[in-house]
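Worksheet: one structure, shown below.
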Amino acid sequence: MSHLKIGESKVIESRESQDGTMIRRRRVSLDGKHRFTTYERIERPGMMVKKRSGSREAFNREKMAGSVRSSVGKYFESDLDVQDVIDRVEEAIYALGKDEVPSSAIGETILEVLSDTNEMAYVRFVSVFREFKTLDELENCIAEQRAKMNARRASQGDNKNIKRK
């Protein structure tokens, strides 16, 4: 099947993702022996990323996805959960409406999304992204994150998980 080309297949089913950002197509080879899935995503205009070193490179969704997966992927139940994080980050970055964004803005956006999504993934990612050198730095970050989460829960009326001092 490694030599099968999309032109040598036909679509047997198409579905749009729930958020409308992707189309999933089930395909079958013309000889009927192989079935596979393809995904279509809207191609966005080019955006450059300015790295800490000062160099620039084209924004690469797959590179960002690899970074998120390798650092925090095991804290999610499925790759779909990771894809959701990546989709949300990409949407927020493009919503800035800029031709160039600093890599630090991408990292901060990942942190914002993880903060709302998975607290352990957030802690893992922030410790690497902010290059913590001491446990005190990590503890302060955890305390800040806990305070934000408690405030969010309180504003949503979910007081049962708030620790009282």
Worksheet entry | Residue pair Arg88 / Asp116, side-chain heavy-atom distance below 4.5 Å | yes
Discussion item. Please determine whether residues Tyr94 and Val113 belong to a single hydrophobic cluster, defined as Ile, Leu, Val, Met, Phe, Trp and Tyr linked transitively by side-chain heavy-atom distances below 4.5 Å.
Written reply: yes
Worksheet entry | Asn118 side chain to Leu114 backbone, donor-acceptor under 3.5 Å | no
Discussion item. Distance check, rounded to the nearest 0.5 Å: Tyr122 atom OH versus Met149 atom CE?
Written reply: 10.5 Å
Worksheet item: Residues two or more places apart in sequence or in another chain: which of them pass side-chain hydrogen bond (donor to acceptor under 3.5 Å, both in side chains) with Asp99?
Response: none
Discussion item. Looking at Arg130 and Glu137, is any side-chain nitrogen of the basic one under 4.0 Å from a carboxylate oxygen of the acidic one?
Written reply: no
Item to complete: Group every Ile, Leu, Val, Met, Phe, Trp and Tyr by side-chain heavy-atom contacts under 4.5 Å, then state whether Val101 and Met48 land in the same group.
Response: no
Practice prompt. Look at the side-chain heavy atoms of Ile, Leu, Val, Met, Phe, Trp and Tyr, link any pair under 4.5 Å apart, and say whether Ile86 and Met120 land in one connected group.
Written response: yes
Practice prompt. Quick one: list whatever passes ring-ring contact (aromatic ring centres under 6.0 Å, His included) with Phe76, sequence neighbours left out.
Written response: none
Worksheet item: Does the side chain of Leu138 reach to within under 4.5 Å of the side chain of Val123, using non-hydrogen atoms?
Response: yes
Discussion item. Would you say Met64 ends up clustered with Leu96 if hydrophobic residues are merged whenever their side chains have heavy atoms under 4.5 Å apart, either directly or through other cluster members?
Written reply: yes
Worksheet item: Who are the side-chain hydrogen bond (donor to acceptor under 3.5 Å, both in side chains) partners of Thr37, not counting sequence neighbours?
Response: Arg26
Worksheet item: Among all residues two or more places apart in sequence or in another chain, which pass the side-chain hydrogen bond (donor to acceptor under 3.5 Å, both in side chains) test with Ser14?
Response: Arg25
Practice prompt. Determine whether Gln145 and Val126 make a side-chain contact, defined as any pair of heavy atoms from C-beta on separated by less than 4.5 Å.
Written response: no
Fill in: salt bridge (Lys or Arg N to Asp or Glu O under 4.0 Å) evaluation trace for Glu119 with Arg152
CA-CA 13 Å; Glu119 59 192 19; Arg152 188 179 307 127; over 6 Å; no
Fill in: Same apolar cluster (I L V M F W Y, side chains within < 4.5 Å links), Val49/Val128
no
Worksheet item: What residues form a ring-ring contact (aromatic ring centres under 6.0 Å, His included) with Phe132, not counting sequence neighbours?
Response: none
Worksheet item: Can you name the nearest heavy-atom pair linking Ala92 to Thr109, along with the distance?
Response: CB-CG2, 3.6 Å
Practice prompt. Drop me the distance from Asn150's CG to Ser155's OG, to the nearest 0.5 angstrom.
Written response: 11.0 Å
Item to complete: Check whether any side-chain heavy atom of Arg61 sits under 4.5 Å from a side-chain heavy atom of Asp87, and report yes or no.
Response: yes
Worksheet entry | Heavy-atom check, side chain of Ser29 versus side chain of Glu8, under 4.5 Å | no
Practice prompt. Take atom CG of Leu135 as the centre, draw a 6.0 Å sphere, and report whether it contains more than 12 heavy atoms from other residues, nucleotides or ligands.
Written response: no
Worksheet item: Is the backbone of Leu111 close enough, under 3.5 Å, to the side chain of Ser115 for a donor and an acceptor to pair up by distance?
Response: no
Worksheet item: Are Phe129 and Ser67 close enough that some pair of their side-chain heavy atoms sits under 4.5 Å apart?
Response: no
Worksheet item: Between atom NZ of Lys63 and atom CD1 of Ile106, what is the distance when rounded to the nearest 0.5 Å?
Response: 9.5 Å
Worksheet entry | Pairwise salt bridge (Lys or Arg N to Asp or Glu O under 4.0 Å) hits with a residue in residues 73-85, at least two apart | Arg69-Asp79
Worksheet, complete the sentence: Taken to the nearest 0.5 Å, the spacing of Arg35 CZ from Arg27 CZ works out to 13.0 Å
